[in-house]
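All of these numbers come straight from a predicted model, not from anything done at the bench. We use all heavy atoms of the structure for the numbers below, so side chains are in, but hydrogens, waters and symmetry mates are not. The chains referred to below are lettered A, B, ... by the order of the sequence lines, with proteins before strands, and numbering in each begins at 1.
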Amino acid sequence: MKPCLKRAERKMRIEKAQEYGATVVFTFSNTVTHIIADKDIKYNEILEFLQLTEIPEGIAVTNPRWPGDCIRYGKLVDPKDFWYQVPGCPTESQQRNPLQDAPISEPIGGHSSLPSSPPSSLQVQPRPPPKQQPETPTNSQKDALDEAIEECLTTTPINIEDFLGSSSSSDTESSPESSPKRRKKASSSSSNSARDWQSHFQCMHKHTGALNPENPNSRTIQILEEMMQIYDSLKDQWRTRSYRIAISTLKSSNTTYISTYEQAISLPGVGDRLAKKIVEIVSTDRLQRLEYAKLDPKDQILKLFHGIYGVGLVQARKFVAAGYTTLEDIKKNATLTEPQRIGIERYSDFKQRIPREEVKQHGDIVSTALKTIDEKVQSHVMGSYRRGAKDCGDIDIILTKEGAGVEELHEVLEKLVEKLFDRKFLMCGLAIARHDDGTKWHGASRLEGEGKPWRRIDFLVVPGEEIGAAFLYFTGNDVFNRSMRLLASKKGMRLNQKGLYKDVVRGKNREKLNEGTLLESKDEKKIFEILGVPYRPPEHRIC
DNA sequence: CGGCCGTACTG
DNA sequence: CAGTACG
DNA sequence: GCCG
């Protein structure tokens, strides 16, 4: 058997199967009754691996869900059932659509179609390495700010590990070993616990968003992400938040396979309920609750509608409740705002990812046009582009000028937009600053040429003095920003796209009672410093 | 048990 | 104002 | 959902 990245996970399942009386063999022989293939294995890959032209009669080929279900239901379920089919398996049953097979949950009686001989041995297949991640950090492109920041970084190297003592609680257990000794000179009166409480904030940790292909928890993460999406579509923002945090924790614990309740619950952000779900995923390769939820066809339609620009969950649910099932339905019959109408018209355009190179091209066009309006106004491409993504969902551009205020820049924005409409680069506006001090502009742009898709493009007008806070905000990602802002508020401060403020008085519901006084807004790195967060370059802000 | 980011634009 | 959006 |  080839070494495999998933071996920890497979080992777990193998042991589970043996616990229940299965015999696992590592060579193919006529004693084999079942072949359990890892999820992504295709039928012909099994044939190839076993050097067979066909699987002998009487041997069942299934995915890992089958043994899981057998354990779940306490009996041998039918390995020919749809749920257990291996992709490419030449049987009639694979045509069955899971969405029509409504009552999935009923224990499908194990019996008849079992192979003649009793199940006594299992053959386990290795799983191919997982695919690559969507957002790949690259350090190739730098702008002036990046270089300045990196300079600061190299002169004052900060090791995140130095900030995270071994957990104060007794059961540190399987956490990614932090070296015990070393102590930064405790600035002022900061005690251990003072440093500890804030280490739970996501912004305190390096995240690249890369799905480490060696992360043994990738299957768990995948299922939890699906579950999170369900809760998101149910408008359960707090459950969604909890899932997001727990998933993020799993992603960073990429050296340990989390398979037991104790392991799981010791992770920050994972409580009793999620720990139980993780155990269920590990031992059965699925989540019962998720299977139910995915059966609801409304869920699919809801997602479709929610994908329209300007349509949130409230509107999407209304459309579903009204009985609409397609974008055409809505376009013809529903009352829509103008942005929503465009959102439907350009639905597929806006869904497409934008190659990094094209993002740069859009940025260059804006930059060039800007020069004809005001030489001193600069544009910076932000968002996932600045984080180094190889493709982006939209294009985020900051317009700024040293010493300029919002109103001066707002005029520039209006001229810029007009000019870019004239040259048929901008195709429409979606959300447009209407006041003289408006700061944001949402719309669509496209490159010249036949069939070029419209791209979502956002401008943010930023006074010269606020460039640091604006960079922080517009670089994201969203989770990172929220984490930074929450940390600020816990420290009696307030962070937004204009700056970091202190002495913010909050009433109940944390409602802001005063503005606070400005601490820093021009220097992105100083905002990190004041908040006590080790500086992280954009490509490490993917939580 | 209550909190979970903070802001800007639309209709 | 609620809803939606941005990171 | 989790956490204090």
Side-chain angles (χ1 to χ4, degrees), chain A residues 197 200-203 224 227-228 230-232 234-249 264-265 267-278 289 306 308-318 335-340 343 382-387 392-398 406 429-435 437-443 456-461 466 469-490 493-501 504 506 508-512 515-516 538 541-543:
Chain A
W197 69 266
H200 297 302
F201 286 81
Q202 299 224 335
C203 59
L224 289 180
M227 199 65 212
M228 173 172 71
I230 300 289
Y231 281 126
D232 194 26
L234 295 174
K235 269 192 90 176
D236 190 338
Q237 59 170 318
W238 305 128
R239 255 182 199 83
T240 304
R241 178 183 186 272
S242 293
Y243 273 78
R244 196 180 52 228
I245 290 168
I247 288 166
S248 185
T249 305
I265 204 167
L267 298 174
V270 177
D272 176 68
R273 313 282 296 280
L274 277 170
K276 283 174 178 162
K277 285 189 172 64
I278 289 172
R289 304 244 325 166
H306 190 200
I308 303 168
Y309 179 93
V311 175
L313 283 164
V314 173
Q315 269 303 119
R317 290 160 84 85
K318 285 179 185 165
T335 312
L336 298 169
T337 67
E338 184 61 13
Q340 289 168 343
M382 311 299 290
S384 54
Y385 181 87
R386 182 164 184 248
R387 297 198 302 269
C392 306
D394 63 2
I395 301 155
D396 305 304
I397 296 180
I398 275 182
V406 173
L430 293 167
I432 292 142
R434 36 185 186 187
H435 311 96
D437 58 349
T439 55
K440 71 152 94 157
W441 193 94
H442 293 176
R456 281 279 298 102
I457 187 166
D458 298 341
F459 295 119
L460 185 70
V461 155
E466 299 173 2
F471 261 55
L472 190 54
Y473 160 65
F474 227 29
T475 299
N477 65 9
D478 57 342
V479 176
F480 179 83
N481 286 352
R482 294 166 68 146
S483 178
M484 291 280 279
R485 289 169 182 212
L486 180 61
L487 178 60
S489 88
K490 298 285 184 198
M493 295 185 269
R494 174 169 66 106
L495 176 63
N496 61 22
Q497 53 268 58
K498 295 179 187 312
L500 178 64
Y501 304 78
V504 178
R506 290 188 147 91
K508 60 172 189 188
N509 283 6
R510 289 178 68 261
E511 69 177 324
K512 182 184 62 183
E515 297 294 308
R541 301 181 197 170
I542 310 162
C543 298

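- Between A:Phe459 and A:Trp441, the ring planes lie tilted relative to each other; the angle falls in the 30° to 60° range.
- Here the CG atom belonging to A:Leu267 is positioned 10.5 Å from the CG atom belonging to A:Leu274, to the nearest 0.5 angstrom.
- With the nearest nucleotide of DNA chain B identified for both A:His435 and A:Arg482, A:Arg482 has the one nearer the 5' end.
- Projected onto DNA chain B by closest heavy-atom contact, A:Asn481 and A:Lys440 fall at different nucleotides, the more 5' of which corresponds to A:Asn481.
- Heavy-atom contacts of chain A under 4.0 Å fall on DNA chain D between two terminal nucleotides, which in 5' to 3' order are D:dG1 to D:dC3.
- Within the nucleic acid shown, A:Thr240 has no heavy atom closer than 4.0 Å to any nucleic acid atom.
- The phosphate of B:dT7 (OP1 or OP2) has a side-chain N or O of A:Asn496 nearer than 4.0 angstrom.
- Of the side-chain N and O atoms in A:Arg456, one or more sit less than 4.0 angstrom from OP1 or OP2 of C:dC6.
- Closest contact between the side chain of A:Asp458 and the listed nucleotides B:dG6, B:dA8, C:dC6 involves C:dC6.
- Remark: the backbone N or O of A:Cys543 is not paired with any side-chain donor or acceptor of A:Ser248 at under 3.5 angstrom.
- Contact annotation for A:Phe480: no contact, since no heavy-atom pair falls under 4.0 Å across all strands.
- Atoms CD1 (A:Ile395) and C1' (C:dA5) sit 17 Å apart, rounded to a whole Å.
- As a whole-Å value, the separation of A:Leu336 CG from C:dT4 P is 13 Å.
- Once rounded to the nearest 0.5 Å, the distance linking OG1 of A:Thr240 with CD1 of A:Ile230 reads 10.5 Å.
- Taking A:Arg239 as the reference, A:Asp236 meet the side chain to side chain donor-acceptor pair (under 3.5 Å) condition, with sequence neighbours excluded.
- If you check C:dT4, B:dC5, B:dG6 against the side chain of A:Arg494, the one that comes closest is B:dG6.
- A:Ile308 comes within 4.0 angstrom of sugar-phosphate atoms only, judged by non-hydrogen atoms across all strands, and of no base.
- With rounding to whole Å, A:Ile398 atom CD1 is found 12 Å from C:dC6 atom C1'.
- Within 4.0 Å (heavy atoms only), A:Leu313 reaches sugar-phosphate atoms of the nucleic acid but no base atom.
- Residue A:Ala246 is out of contact with every strand shown, counting any heavy-atom pair closer than 4.0 Å.
- Residue-level contact check: A:Val270 touches the backbone only, with heavy atoms under 4.0 Å from sugar-phosphate atoms and none from bases.
- Among the heavy atoms of the strands, none lies under 4.0 Å from A:Asp236.
- In this view, A:Arg273 satisfies the side chain to side chain contact (heavy atoms under 4.5 Å, CB included) rule with no residue, not counting sequence neighbours.
- For the C1' atom pair drawn from B:dT7 and D:dC2, the interatomic distance equals 26 Å after rounding to whole Å.
- Across A:Leu495, A:Leu500, A:Leu472, a single residue satisfies side chain to side chain contact (heavy atoms under 4.5 Å, CB included) together with A:Arg485, and that is A:Leu495.
- As a whole-Å value, the separation of A:Gln237 CD from B:dC5 P is 8 Å.
- Nearest nucleotide to the side chain of A:Arg241, out of C:dG7, B:dC5, C:dA5: B:dC5.
- Residue A:Ile245 is classed as having no contact, given no heavy-atom separation below 4.0 Å to the nucleic acid.
- In this structure, the CG atom of A:Asn477 is 16 Å from the C1' atom of B:dG6, given to the nearest Å.
- In this structure, A:Phe459 places its CZ atom 15 Å from P of B:dC9, rounding to the nearest Å.
- Using a 4.0 Å heavy-atom distance criterion, A:Phe474 is classed as a sugar-phosphate-only contact.
- A donor-acceptor contact shorter than 3.5 Å links the side chain of A:Asn496 to the backbone of A:Gly499.
- Atom pair A:Leu500:CG and B:dC5:P shows a separation of 17 Å (rounding to whole Å applied).
- The NZ-P distance, from A:Lys235 to C:dA5, rounds to 12 Å in whole Å.
- A:Lys276 and A:Asp272 are joined by a salt bridge, as a carboxylate oxygen and a charged side-chain nitrogen come within less than 4.0 angstrom of each other.
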